[in-house]
Amino acid sequence: IIQLLSDTLICEGNTLQTKASVSEGLAPYTYKWSENASMSETLNLTPITSKNYQLTVTDKNNCSDTAEIMITVVSNPIVQLISPPEICKNDSALIQSTVNGNAIPFSFLWNQQQTSSQITVHPLVTTIYSVTVTDQNLCVGIDSVQLTVNTLPIADVGNSRAVCEN
């Protein structure tokens, strides 16, 4: 009897390890996965599309059993930050995130430790801001933006002079 993980979701680009557990039959066992040349009870998968993976285990007496697992690949959220490209020193800027994805709700974590979908910042120097968005499937999307801080002009009217009237 073969036991595998139950059908599962995986975020695109991630790797999943599944390991078979075999009971009964007579060891040693041989393993054959349908989608991989692996001859081990462990299979590391980085699928790009959803599919069924099948494992056939054969024991010393040439008796075999088959089990399968459905791996569903889900998209990562797509994040885009919207910000002015530059501000003047001592000004503030609103940086907003837009997220495309179906697995709501989303959680937000900025490199400045804020947890909302938008932040207001007051940088004194050019700074890169990034946000990590996680959906309900624990899939992640990341975006960043550089906010340039321009120095203020220095006004100088020169030295004061007394002006006499004639």
Side-chain angles (χ1 to χ4, degrees), residues 2-22 31-55 57 67-159:
I2 306 170
Q3 291 181 341
L4 296 172
L5 288 174
S6 58
D7 293 349
T8 192
L9 296 176
I10 184 171
C11 303
E12 63 185 345
N14 287 357
T15 299
L16 171 75
Q17 183 179 75
T18 185
K19 183 175 182 176
S21 173
V22 179
Y31 303 87
K32 177 65 177 146
W33 291 92
S34 60
E35 294 294 325
N36 192 299
S38 174
M39 300 301 278
S40 164
E41 73 265 24
T42 302
L43 180 64
N44 293 313
L45 303 168
T46 308
I48 55 174
T49 60
S50 300
K51 62 172 65 175
N52 279 311
Y53 292 86
Q54 189 175 66
L55 171 65
V57 177
E68 63 182 44
I69 180 174
M70 176 64 182
I71 306 295
T72 303
V73 179
V74 293
S75 297
N76 293 317
I78 299 169
V79 183
Q80 182 180 11
L81 293 180
I82 301 165
S83 168
E86 55 189 41
I87 61 172
C88 293
K89 189 171 184 175
N90 299 325
D91 285 349
S92 63
L94 176 66
I95 304 175
Q96 298 173 301
S97 62
T98 60
V99 182
N100 290 321
N102 295 323
I104 56 176
F106 302 112
S107 65
F108 299 83
L109 182 60
W110 295 81
N111 62 332
Q112 308 293 317
Q113 302 308 307
Q114 296 94 329
T115 57
S116 61
S117 63
Q118 63 184 26
I119 59 173
T120 300
V121 295
H122 311 277
L124 297 176
V125 296
T126 297
T127 304
I128 295 175
Y129 295 93
S130 64
V131 66
T132 301
V133 177
T134 305
D135 68 16
Q136 73 175 4
N137 294 324
L138 302 180
C139 296
V140 173
I142 299 171
D143 194 21
S144 62
V145 66
Q146 178 173 303
L147 183 58
T148 300
V149 177
N150 296 320
T151 57
L152 298 173
I154 299 173
D156 185 2
V157 292
N159 295 332

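Put simply, the residue from Ile82, Thr120, Val121 that forms a side-chain contact (heavy atoms from CB on, under 4.5 Å) with Ile95 is Val121. Among Thr132, Ile119, Val133, the one residue that satisfies the side-chain contact (heavy atoms from CB on, under 4.5 Å) test with Phe108 is Val133.
We find the CG-CG distance between Leu124 and Asn90 to be 6.5 Å, quoted to the nearest 0.5 Å. Note that CG of Leu109 and OG1 of Thr134 are 8.0 Å apart. Values are rounded to the nearest 0.5 Å. Rounding to the nearest 0.5 Å gives a distance of 9.5 Å between CD of Gln17 and CG of Leu45. Here Asp143 contributes atom CG and Tyr129 contributes atom OH; the two are 15.0 Å apart, rounded to the nearest 0.5 Å. For the atom pair OG1 (Thr18) and CG (Asn44), the distance works out to 9.5 Å, reported to the nearest 0.5 Å. How far CG of Leu147 is from CD1 of Ile87: 4.5 Å, rounded to the nearest 0.5 Å.
For Leu152, the CG atom counts as densely surrounded, since its 6.0 Å shell holds more than 12 non-hydrogen atoms of other residues, nucleotides or ligands.
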Stepwise, does the side chain to side chain donor-acceptor pair (under 3.5 Å) test hold for Ser117 with Ser97? CA-CA 6 Å; Ser117 63; Ser97 62; 4.8 Å; no
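What you find for Gln96 and Gln118 is that their closest heavy atoms are NE2-OE1, 3.2 Å. Among all heavy-atom pairs drawn from Val79 and Ile142, the shortest one is CG2-N, 4.1 Å. Nearest heavy-atom pair across Ile128 and Asn111 is O-ND2, 3.0 Å. The two residues Lys89 and Val149 make their nearest non-hydrogen contact at CA-CG1, 3.6 Å. Here the closest non-hydrogen pair linking Asn14 and Ile10 is O-CD1, 3.2 Å. The two residues Tyr53 and Pro47 come nearest to each other via the heavy atoms OH-CB, 3.3 Å.
With Asn76 contributing its side chain and Glu12 its backbone, the two residues share a donor-acceptor pair below 3.5 Å.
When side chains are defined from C-beta on, Ile71 counts as touching Thr8, because their heavy atoms get closer than 4.5 Å. Side-chain contact between Cys139 and Pro77 is present, with heavy atoms from C-beta onward closer than 4.5 Å. Looking only at side-chain heavy atoms (C-beta outward), Thr72 and Leu9 come within less than 4.5 Å of each other.
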